[in-house]
Amino acid sequence: MLGGVAVHQQVRAWFRESARDLPWRGGCSAWGVLVSEIMLQQTPVVRVQPVWEQWMSRWPTPASFAAESQGEILRAWGRLGYPRRALRVHAAAAMIVEQHDGEVPDTFEALLTLPGIGTYTAAAVAAFAFGRRETVVDTNIRRVHARLVIGQALPAPTLTAAEMKLAADLLPHDPAESVEWNAAVMELGALVCTARSPKCGLCPVRTECAWIAAGQPEPTYMPKGQPWAGTDRQVRGAVMAVLRAADAPIHADLLWASDTELATTAPLAHPAEVATALGKLHDLNTQAPQLERALAGLLADGLAQLSDDGYHLPH
DNA sequence: AATTCGTGGTG
DNA sequence: TCACCAAGAAT
């Protein structure tokens, strides 16, 4: 399989030499690994790390975290994005307390039952927190495999069974080696075999790479973009920023306010940050139906609540 | 299977 | 500048 043990040794040697010193690697609690993995879903390391540090200092155990209010957790989540993840960690912590005596479960199957934990995260926690031999497949590993083994610039648009089989076939038999292999391939994808402008000159296995051997062919499909301007997501994000900044309910009129007077005077009852966040929301010039849709979505997802005094984070 | 769900750095 | 992209999950 792909040059026998040579590729594995080269990648793992590169990892030991070049890996970033991330705080959730080595000696970290399983809870810390779990939190890091959920924060890292679709969010870069550099933005996760400072928030993760604060969380570990503030809530060192699932029980301490489960006892916190959802609103405080959403504020602490800050601008990491996809705030529903914060609520899912909270629900997962509650399940860990209730069903697992406060200890993060140590098997793929048990982890998979927790909210916010899918196949990738369950495998990653089982491997990196408990040393288990798991087939870990994230976007970095998919891309490295696509290039190194298949010879394509990018993996398929969606994860396929063939990719899972390839990853399973490449996984070293020894558990300890498999854990390092998973981390090493992921790190190679993050630092060298990147999506745009890969640093092939620094790659430890460039001489074994099927993509380089094939002359680095272009992607065979158009990566579908992620529209942002004018979307409901943009409005939801702007509303959430207002609610995070507020220490009291925000009256609905403020969210809709387009006239300068209301938008600048009424927020004075709130911290200055609220006025800033409201200004950004109003700058979007959102049409009423879209704002209503965004608010309804936030309520449905439990990210916001509506009382007589207005919208606020959940208690 | 295709959508939805935030945010900010960057080539 | 602006489209692309990031340790995905849920539906």
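In what follows, chains are A, B, ... by sequence order, proteins preceding strands, each numbered from 1.
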**Study point:** With A:Arg236 via salt bridge (charged side-chain N to carboxylate O under 4.0 Å, His left out) - residues at least two apart
**Key:** A:Asp301
Side-chain donor-acceptor pairs of residues 69-80 of chain A under 3.5 Å, sequence neighbours excluded:
unit_1: A:Ser69; atom_1: OG; unit_2: A:Glu72; atom_2: N; d: 3.2
unit_1: A:Glu72; atom_1: OE1; unit_2: A:Arg58; atom_2: NH2; d: 2.8
unit_1: A:Arg75; atom_1: NE; unit_2: A:Arg244; atom_2: O; d: 2.9
unit_1: A:Arg75; atom_1: NH2; unit_2: A:Ala246; atom_2: O; d: 2.4
unit_1: A:Trp77; atom_1: NE1; unit_2: A:Gly81; atom_2: O; d: 2.9

Exercise for review: Considering only atom P, compute the distance from B:dT3 to C:dC4 and round it to an integer number of Å.
Suggested key: 16 Å
Practice item. Would you please name every residue forming a side chain to side chain contact (heavy atoms under 4.5 Å, CB included) with A:Glu53, sequence neighbours left out? Key: A:Pro23, A:Gln49
Point to revise | Qualifying residues under side chain to side chain contact (heavy atoms under 4.5 Å, CB included), relative to A:Arg196, sequence neighbours excluded | key: none
Point to revise | Boundaries of the DNA chain C segment in contact with chain A, non-hydrogen, under 4.0 Å | key: C:dC4 to C:dA10
Study note, to complete from the structure: Quick tally for nucleotides 1-11 of chain B: nucleotides whose base has a protein heavy atom under 4.0 Å get B, sugar-phosphate-only ones S, the rest -, giving ---BBBBSB--
Check your understanding: Would you say the side chains of A:Gln41 and A:Thr121 form a donor-acceptor pair under 3.5 Å?
Key -> yes
**Study point:** Residues forming a side chain to side chain contact (heavy atoms under 4.5 Å, CB included) with A:Ser307, sequence neighbours excluded
**Key:** A:Pro249, A:Asp309, A:His312
Exercise for review: Scan A:Ala195 against the nucleic acid and name what it touches under 4.0 Å (heavy atoms): base, sugar-phosphate only, or nothing.
Suggested key: sugar-phosphate
Review point. Any luck finding a side-chain donor-acceptor pair between A:Arg233 and A:Tyr82 under 3.5 Å?
Key: yes
Review point. Partners of A:Trp31 by ring pair (Phe, Tyr, Trp, His ring centres under 6.0 Å), sequence neighbours excluded?
Key: A:Phe65
Exercise for review: Using the P atom on both, measure B:dT4 against C:dA7 and round to a whole Å.
Suggested key: 24 Å
Exercise for review: Using the P atoms only, state how far C:dA9 lies from B:dG8, rounded to an integer number of Å.
Suggested key: 23 Å
Practice item. Share the residues that join A:Met164 in a hydrophobic cluster, the rule being Ile, Leu, Val, Met, Phe, Trp or Tyr side chains under 4.5 Å apart at the heavy-atom level. Key: A:Val137, A:Leu159
Check your understanding: Which is true for A:Ser36 with a 4.0 Å heavy-atom rule: it touches a base, it touches only sugar-phosphate, or it touches nothing?
Key -> nothing
Review point. Between residues 9-29 of chain A and DNA chain B, which residues have a heavy-atom gap below 4.0 Å?
Key: none
Practice item. Please identify each residue that fulfils ring pair (Phe, Tyr, Trp, His ring centres under 6.0 Å) with A:Trp14, with sequence neighbours left out. Key: none
Practice item. Output all residues satisfying side chain to side chain contact (heavy atoms under 4.5 Å, CB included) with A:Ala252, sequence neighbours left out; order by chain, then residue number. Key: A:Trp256, A:Tyr311
Practice item. Quick one: label A:Thr139 by what it contacts on the DNA or RNA (base, sugar-phosphate, nothing), any heavy atom closer than 4.0 Å. Key: sugar-phosphate
